Protein chains: 2
Amino acid sequence: MTDASATVLDVALCSTGKRRQIRPKAERRQQLIDATIRCIAQHGLSAVTMQMVTREAGLSVGIANLHFQSKENLLRETLRYVAEEYHNGQIKIMEGADITDLGDRLDALLDFQLGRGVTQRQKMSVWFAYYGEAGARPVYQKIVSTVDRLAALKLEALFASIIREGDYQDVDPRELATGYSALIDGLHLGLLVTPRELTKRRARSVARDFLRRAFPKHIY
Amino acid sequence: MTDASATVLDVALCSTGKRRQIRPKAERRQQLIDATIRCIAQHGLSAVTMQMVTREAGLSVGIANLHFQSKENLLRETLRYVAEEYHNGQIKIMEGADITDLGDRLDALLDFQLGRGVTQRQKMSVWFAYYGEAGARPVYQKIVSTVDRLAALKLEALFASIIREGDYQDVDPRELATGYSALIDGLHLGLLVTPRELTKRRARSVARDFLRRAFPKHIY
DNA sequence: AGCAAGAATGAATGATCATTCATTCTTGAT
DNA sequence: ATCAAGAATGAATGATCATTCATTCTTGCT
């Protein structure tokens, strides 16, 4: 039996009993990005250290530089990941052929934007941590605005369809899309900073109100 | 003549030729807070150092700790200052006896919120830098939510008056106030992160649209 | 089994930062 | 003119951090 020696080795190698594992590059990258998200949410972007992230990931300090070359790179890729996840989700709903009714499509979008997945404190924290730095960091600004632009165009197109279908007068799709996006951003901010005063339920209701005022024939 | 010796001294003391000056405590504190705002806007909250702030203020490194005890304290007081400046401005408009027409009051509020003073990149950067950290720092959360609460109540009261005056049906002042505040926050965010796609002019127009849809008899 | 390739480790390094405090300077009262 | 009070300075300190790299370990191939 080799059990005894194996146990001793395991304990000596790591407090959690895990052995050193070799995994594909893509998997390690994702592990590190996930750990970074958790660290930013818990400690704030400005307090995140490489030691913190790698400990959170259950890996050694050297590995982050092996896969990302630098901290700046890791942070940049983390932002890209979160940004793309959010905007791909939106676009999937807006382009998806599975929903034919436009009112249902609006509902699905709202559910996604203010539903469980996105409004996790974790994701919102990351989101706004980067927004906070974007004013001083053109790199962040570029990532966010690039990915934002496409979603904005799709939303505008969806609104335009609804306006045509409902024959709404005096409604500009571009203006309305800008307003709706801003409203959602603002609600996310409220959910993050003043969770006591703004519940998810109320945030949904507020966003729905906005849409109902614009498209009364499609919402409710 | 003591001119020669004085000149030598001045040059030796400071590159700008200024002598060491003794100023009241309150004035130094404000100088440092102003310098902190500029530094956050230019370099981002996470890159701000004490050396950077004191150099920006034209003072020595030691003085920040003399007046604020610690960096954390300085950052906290800077947030408090920016938050109070914004919310006092709002409340002044909402309480001011100089404007009797409620529609005018709404206009004044909108002008303040999306006008020159507030939408300076500097102020917005600071604003969102702290929001970004608020998820992880209860202290920031508390400062913002405390000062936010009062403004939200006043806004709700203003909306309630307008609803009464215009006899608007199916409009909940609380819900609308939440929506409007979120919209303004979102527009600020857009102005900061994607200034190419969202101009101040368009932001104003979007906010005005929101209000017009809710209070058609009061706006335009 | 033995070996080469390269993934993973973590102690060591050097840089940067917040904070301290002995010293210098200014001001206003005597 | 002198002096005490305390405002201001900045070199020094110690802590923390990102990054490096010599070494160890794992995997898959022969």
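Order of the sequence lines sets the chain letters (A, B, ...), proteins ahead of strands, with each chain counted from 1. Just so we're clear, the structure is a prediction, and the values are computed from it rather than from any experiment.
Neither OP1 nor OP2 of C/dA18 sits under 4.0 Å from any side-chain N or O of B/Asn65. Within the 4.0 Å cut-off from OP1 or OP2 of D/dA8, at least one side-chain nitrogen or oxygen of B/His67 is found. Applying the 4.0 Å criterion to OP1 and OP2 of D/dA8, one finds that B/Arg28 has a side-chain N or O inside that range. Taking only side-chain nitrogens and oxygens, A/Arg23 never comes nearer than 4.0 Å to OP1 or OP2 of C/dA7. For B/Gln51 and C/dA18, the shortest distance from a side-chain N or O to OP1 or OP2 is below 4.0 Å.
Between A/Met50 atom CE and C/dA8 atom P there is a gap of 15 Å when expressed in whole angstrom units. Atom CD in B/Gln69 sits about 14 Å away from atom C1' in C/dT20, given to the nearest Å. Per the geometry, CD1 belonging to A/Ile22 stands 7 Å off C1' belonging to D/dC25, to the nearest Å. The interatomic distance linking B/Leu66 (CG) with C/dT24 (C1') rounds to 14 Å, in whole Å. In this structure, A/Gln21 places its CD atom 12 Å from C1' of C/dA7, rounding to the nearest Å.
Residues A/Lys154 and A/Leu158 are not in side-chain contact: their nearest non-hydrogen atoms beyond the backbone lie 4.5 Å or more apart. Side-chain contact between A/Ser125 and B/Glu133: absent, with no pair of heavy atoms (C-beta onward) separated by less than 4.5 Å.
Contact annotation for B/Val48: backbone-only contact, meaning every heavy-atom pair under 4.0 Å involves sugar-phosphate atoms and none involves a base.
Using a 4.0 Å cut-off between charged nitrogen and carboxylate oxygen, A/Arg80 and A/Glu84 do not count as a salt-bridge pair.
Under the Watson-Crick or G-U wobble criterion, with both distances below 3.5 Å, C/dA22 is paired with D/dT9.
Distances were taken from every side-chain heavy atom of B/Val61 (C-beta onward) to each of C/dT20, C/dT9, C/dA18; the shortest belongs to C/dT20.
Note: B/Tyr140 and B/Tyr130 meet the aromatic proximity criterion, with ring centroids under 6.0 Å apart.
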